[in-house]
Amino acid sequence: MKWRAIAIYTPIDKLFFEAPVLELARNLLGQYIVHKQPEGDIVVRIVETEAYHGPEDRAAHSFDNRRTKRTEIMFGTAGLIYTYQMHTHTLMNVVSGAIGTPHAILIRAGEPVVGLELIQENRGHHLKMTDWTNGPGKLSKALGVTMKYYGHHWTDEPLFIAAGAAPEEIVAGPRVGIGNSGEAVHYPWRFYEKDSPYVSKYRP
DNA sequence: GTCGCGATTGTCT
DNA sequence: GACAATCGCGACC
């Protein structure tokens with residue numbers, strides 16, 4: 001019988017999210033983000049993340065245990081979805097750390113895997129494929145993710161993380177777009193797959 | 001190709 | 001009323 005592999009995407013085990021934040025930021029690379037929608041499924045492979053080590057990290061929204069309506073979710077259990085609005089864009093985070101410890105990981109870029117037509121519709125037909133998901137705002141737009149997922153969990157449909165394979169080589173470097181954060185500007189807490197054309201452009 | 005600017009909206013002081 | 005974990009575009013090399 002001739003057959004081809006059809007990947008069945010199912011939510012990853014909740015234990016996956018219990019790793020320390022820097023480790024989890026690395027572990028997220030190569031996993032899949034799945035968004036099930038009436039029009040069809042969209043799947044993107046994660047190629048870039050950034051760890052935010054609240055409350056000690058000046059660049060984190062939860063620095064010094066700042067607890068507001070916006071940051072509240074980060075004090076919850078690991079694996080929750082923290083969405084944040086930046087200008088007109090939605091940014092997706094994975095909550096990390098024990099309850100009461102507000103760590104989070106920003107998912108910055110991905111590689112389109114399934115639902116390419118839907119992604120193209122979401123992003124615009126004039127763009128090159130490498131510009132569909134190479135930034136945190138672009139990634140959310142491509143997946144059709146909005147603020148309504150704030151507080152959901154990354155193991156619950158219709159938006160969940162599914163197990164993939166780790167990249168061959170991971171690069172660590174300083175994070176992007178956090179200008180006035182003192183020493184924290186230099187922490188090498190951005191991780192990405194080496195040589196991936198889908199990684200966001202670095203802006204000092 | 002790279003660089004600089006301004007849009008635009010939720011959130012917090 | 002200021003600011004932001006960004007993006008897209010236009011100017012220029």
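Below, chains carry the letters A, B, ... as their sequence lines are ordered, and counting in each starts from 1.
Atom pair M86(A):CE and dA7(B):P shows a separation of 15 Å (rounding to whole Å applied). Following rounding to the nearest Å, L139(A) (CG) and dA5(C) (P) show an atom-to-atom distance of 18 Å. Spacing between atom OH of Y202(A) and atom P of dC7(C) amounts to 15 Å, rounded to whole angstrom units. Between M74(A) atom CE and dA5(C) atom C1' the separation is 10 Å, expressed in whole Å. Rounded to whole angstrom, the span from the CZ atom of R175(A) across to the P atom of dA5(C) amounts to 11 Å. Nucleotide dC7(C) holds its C1' atom 13 Å from the CD atom of Q85(A), rounded to whole Å. Taking atom NZ of residue K69(A) and atom P of nucleotide dT13(B), one finds them 14 Å apart after rounding to whole Å. L91(A) has its CG atom 18 Å from the P atom of dT8(B), to the nearest Å.
Under the 4.5 Å side-chain criterion, counting only non-hydrogen atoms from C-beta, N134(A) is in contact with K201(A). Side-chain contact check for T90(A) versus Q85(A): some heavy-atom pair is nearer than 4.5 Å. In this structure the side chain of P102(A) never reaches within 4.5 angstrom of the side chain of T71(A), judged on heavy atoms. The closest side-chain heavy-atom distance from E72(A) to Y150(A) is below 4.5 Å. Between H89(A) and K141(A), the closest side-chain pair of non-hydrogen atoms is not below 4.5 Å. Inter-residue side-chain proximity for F16(A) and Q31(A) is flagged as met; some heavy-atom pair is nearer than 4.5 Å. Between V44(A) and I119(A), the closest side-chain pair of non-hydrogen atoms falls below 4.5 Å.
The aromatic rings of Y187(A) and W189(A) sit tilted, their planes meeting at an angle between 30° and 60°. Ring orientation note: the planes of H153(A) and F17(A) are nearly perpendicular, at an angle over 60° on the 30°/60° scale.
At a threshold of 4.0 angstrom between heavy atoms, the contacts of Y52(A) include nucleobase atoms, whether or not backbone atoms are also involved. Using a 4.0 Å heavy-atom criterion, one finds that R58(A) contacts no nucleic acid atom at all.
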Identify each atom pair where a protein N or O and an N or O of nucleotides 1-3 of chain B are less than 3.5 Å apart, giving names and distance.
none

Heteroatom pairs (N/O) under 3.5 angstrom, protein to nucleotides 8-13 of chain C:
{"from": "dG8(C)", "atom 1": "OP1", "to": "R123(A)", "atom 2": "NH1", "distance (Å)": "2.9"}
{"from": "dG8(C)", "atom 1": "OP1", "to": "R123(A)", "atom 2": "NH2", "distance (Å)": "3.4"}

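Atom CD1 in I161(A) sits 6.0 Å away from atom CD1 in I33(A) (nearest 0.5 Å).
Under the Watson-Crick or G-U wobble criterion, with both distances below 3.5 Å, dC5(B) is paired with dG8(C).
Cation-pi geometry between R45(A) and Y198(A) is not met at under 6.0 angstrom from the ring centre and within 45 degrees of the axis.
Checking dT13(B), dT8(B), dA5(C) against every side-chain atom of R66(A), the shortest atom distance belongs to dT13(B).
Between E48(A) and R190(A) there is a salt bridge, since at least one side-chain N of the basic residue sits less than 4.0 Å from a carboxylate O of the acidic one.
DNA chain B is contacted by both M147(A) and H87(A); H87(A) maps to the nucleotide lying nearer its 5′ end (nearest heavy atom per residue).
The phosphate of dC3(C) (OP1 or OP2) has no side-chain N or O of R70(A) nearer than 4.0 angstrom. The phosphate of dA5(C) has OP1 or OP2 within less than 4.0 Å of a side-chain N or O from H61(A).
Within residues 95-113 of chain A, no residue places a heavy atom under 4.0 Å from DNA chain B.
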